[in-house]
Amino acid sequence: MPQRERYLALGLLVFQNSSLALTMRYSRTMGGDLYFASTAVVVCEALKFLVSLVLLQREEPRMHLVEIFRRKVGRSVPVVRPFVRHFVL
């Protein structure tokens with residue numbers, strides 16, 4: 001990944017994380033229906049995951065998103081299993 005794209009990705013992540021914190025703070029102080037903060041974080045992380053898949057597809061345009069998911073994300077499943085099992089139980 002070129003240096004310019006790295007800084008762009010870093011800037012977007014900083015913007016995304018700070019906007020999440022500011023939006024959650026603003027929505028909590030306005031009143032109305034409350035929500036779990038963890039729900040907002042999970043939705044934000046899911047959005048980040050989808051954007052990452054799209055960027056990976058952009059790097060390798062010949063591959064389908066499902067194949068990219070299997071190759072890139074599928075490798076991390078054995079590592080994540082113990083953590084998920086710990087939090088679920």
Side-chain angles (χ1 to χ4, degrees):
M1 181 183 280
Q3 194 75 12
R4 183 176 177 208
E5 288 182 5
R6 289 181 185 179
Y7 284 121
L8 178 64
L10 176 65
L12 288 173
L13 283 173
V14 167
F15 174 76
Q16 184 267 333
N17 285 328
S18 34
S19 65
L20 172 68
L22 291 173
T23 303
M24 286 178 60
R25 174 75 176 151
Y26 177 74
S27 66
R28 294 258 177 187
T29 58
M30 292 301 294
D33 294 335
L34 288 180
Y35 55 89
F36 292 117
S38 58
T39 303
V41 172
V42 166
V43 169
C44 193
E45 293 299 320
L47 182 63
K48 240 193 289 190
F49 178 72
L50 290 174
V51 169
S52 298
L53 280 179
V54 169
L55 290 175
L56 280 171
Q57 204 273 332
R58 184 174 163 230
E59 283 182 7
E60 300 177 25
R62 295 181 316 253
M63 288 209 288
H64 194 268
L65 279 177
V66 174
E67 187 177 346
I68 290 173
F69 180 79
R70 277 193 209 127
R71 285 188 180 180
K72 305 286 183 175
V73 181
R75 289 187 218 161
S76 63
V77 170
V79 176
V80 175
R81 276 187 198 148
F83 296 108
V84 171
R85 195 175 308 137
H86 171 73
F87 287 113
V88 169
L89 298 177

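If you're wondering where the values come from, they're calculated on a predicted model, not measured in any experiment.
- Residues Val14 and Ser18 come closest through the heavy atom pair O-OG, 2.5 Å.
- In this view, Gln16 satisfies the side chain to side chain donor-acceptor pair (under 3.5 Å) rule with no residue, not counting sequence neighbours.
- Among all heavy-atom pairs drawn from Leu20 and Ala40, the shortest one is CD1-O, 4.2 Å.
- Evaluation of the side chain to side chain donor-acceptor pair (under 3.5 Å) test over residues 37-48, restricted to residues two or more places apart or in two chains, returns Glu45-Lys48.
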